[in-house]
Every structure is written in C-alpha cells, then in structure tokens.
> 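Handing you this structure, nothing more for now.
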Amino acid sequence: MAPALRALAVSLLCAMLLSSHPGTAGPLHAQCKVDWYFGIRCEEVFEALVSQIKAWRSTSSCTTRGQRCLYKLQSASVHFIEAKHTTRFKRHVDNIHIRLMPFHFFTSCHVSAMSISQTWYAIKDHGTNYCNLYNLVEGSGLTEVRGYKELTSDFMCTQRSSANCTVD
C-alpha cells in the first residue's frame, strides 16, 4: 500500500474509533470523566480523597458497602492523585487519575477526575468507572461541602445514568 494511502486509511480508522457508534453515546472503552467544584481549598479536598482511598484499601468494607473497597493509592501530591480500584468479584482493575486545581483566589477547588478500565475489551461497565470516582467523593463527605457541583454525562461516563453506586 502506498504511504499516502496508508496514512489516509489510518486517519479514517482513528476517526471511526474516536467517534461513537451510530445510535449510542459515549466512549468506545469503559471509562468516566467527571469535573467537580468545591467551595473549599484544594488542600482540604486532597486530604479528604487520599484519606478515603486509604480507608477503603482492604476487603473489610466490601461486605457492607458494595464496591467501596479495594482502592490502592499509587501516588499523591497536592495537585495529583493516582490510584487503582479493583472490583469486588471479577477483580477488574480501573486506573484513577485526579487533578486538583485551585481557583477563586485559592479558596475553591476544581477537580478533574478520570477512571479508565484496564481491561482492553471493556466497552460497557454498568457505571462502574463513574462509581469508582463518585464513591470517593461521597464517602469522604465532599458532596456535602459548600459549593459542591458535579459536571458529567453519559457521553463522558460509560452508562452513568444507569449506575447504582450502592450495590456490588
């Protein structure tokens, strides 16, 4: 195949893979992107999220809290948190990336978070990647702080609207 034709074929394939299937919305791989806004300093948000990840690292909280367990902190700084979540029964692993950005004279915090399934063939996840993120925010009490706001959609989070974050 000629180099120009090969480049065109690769470009078309990439465009097809990056667009959603006709009649459906959302990513082609199980994942979730959420933006949160909090009316408190990023340092407070950071401490709450890291504490919650550490609190839910073992299987002991699995029996009473569904998937609110098996988190593992990979790395943390005041602006970035990297973690993993393992599902309770099938042991699927999802990568969690959290970025914290202060705004409004450093008195408020914008958090951009993403959870992505490590399983390459995962397309639908019944909202698991959304729950990976939401459970941390809700469990740490951050959904109750002043200025809390969540921005996401089914397009940004695989099957978010059908997610039930309180069950297995």
> So L100 and V78, do their side chains get closer than 4.5 Å, heavy atoms only?
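In short, these two side chains do not touch, never coming nearer than 4.5 Å.
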> Nearest 0.5 Å, please: how far is CG in N95 from CD in Q74?
8.0 Å
> Of Y134, Y71, Y130, W56, which is the lone residue that meets ring-ring contact (aromatic ring centres under 6.0 Å, His included) with H85?
Y71
> Is R99 salt-bridged to E82, going by a charged N under 4.0 Å from an acidic O?
no
> So with a 6.0 Å cut-off around NZ of K72, is the heavy-atom count from everything else above 12?
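Counting neighbours around NZ of K72, 12 or fewer heavy atoms of other residues, nucleotides or ligands fall under 6.0 Å, so no.
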> Measure from the side-chain N and O atoms of Q67 to the backbone N and O of R88, and report whether any donor-acceptor pair falls under 3.5 Å.
yes
> Nearest 0.5 Å, please: how far is CG in L151 from CG in D35?
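The CG atom of L151 is 6.0 Å from CG of D35, to the nearest 0.5 Å.
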> Got M114 and C32 here, is their nearest side-chain heavy-atom distance under 4.5 Å?
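No; the side chains remain at least 4.5 Å from each other.
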> Let me see the working for S112 and K33 under side-chain contact (heavy atoms from CB on, under 4.5 Å), right down to the final yes or no.
CA-CA 7 Å; S112 181; K33 182 185 182 311; 3.3 Å; yes
> Considering only heavy atoms from C-beta outward, does the side chain of K84 approach that of Q118 to under 4.5 Å?
yes
> Test I96 against L133 for side-chain contact (heavy atoms from CB on, under 4.5 Å), laying out the working first.
CA-CA 8 Å; I96 297 171; L133 301 171; 3.7 Å; yes
> Is any side-chain heavy atom of T152 less than 4.5 Å from a side-chain heavy atom of C157?
yes
> Pair up each side-chain donor or acceptor in residues 38-51 with any protein partner under 3.5 Å, not counting sequence neighbours, and list the distances.
residue	atom	partner	partner atom	Å
E44	OE2	R41	N	3.4
S51	OG	E47	O	2.9

> When rounded to the nearest 0.5 angstrom, what is the spacing between CD1 in I53 and OG in S140?
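I53 CD1 to S140 OG: 9.5 Å, rounded to 0.5 Å.
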> Any heavy-atom pair between the side chains of T128 and D94 that's under 4.5 Å?
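SC-SC contact between D94 and T128 confirmed.
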> Please name the pair of heavy atoms, one in H97 and one in I116, separated by the smallest distance, quoted to 0.1 Å.
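So the two residues come closest at CD2-CD1, 4.3 Å.
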> With rounding to the nearest 0.5 Å, note down the distance linking CD in E138 to SG in C131.
10.5 Å
> Hydrophobic clustering (ILVMFWY, side-chain heavy atoms < 4.5 Å, transitive) - are I98 and Y148 grouped together?
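Y148 clusters together with I98.
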> Which residues pass the side-chain hydrogen bond (donor to acceptor under 3.5 Å, both in side chains) test with S115, sequence neighbours left out?
N129, N132
> Side chains of V137 and N135: closer than 4.5 Å at any heavy-atom pair?
no
> Can you sort out the partners of Y37 under ring pair (Phe, Tyr, Trp, His ring centres under 6.0 Å), two or more places apart, ordered by chain and number?
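Per chain and number, Y37 pairs via ring pair (Phe, Tyr, Trp, His ring centres under 6.0 Å) with F103, H110.
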> Does the T86 side chain pair with the main chain of R91, one donor and one acceptor, at a distance under 3.5 Å?
no
> Measure the shortest side-chain to side-chain distance between H79 and P102 over non-hydrogen atoms and say whether it is less than 4.5 angstrom.
yes
> Would you say V34 and E150 make side-chain contact, with heavy atoms under 4.5 Å?
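Sidechains of E150 and V34: in contact.
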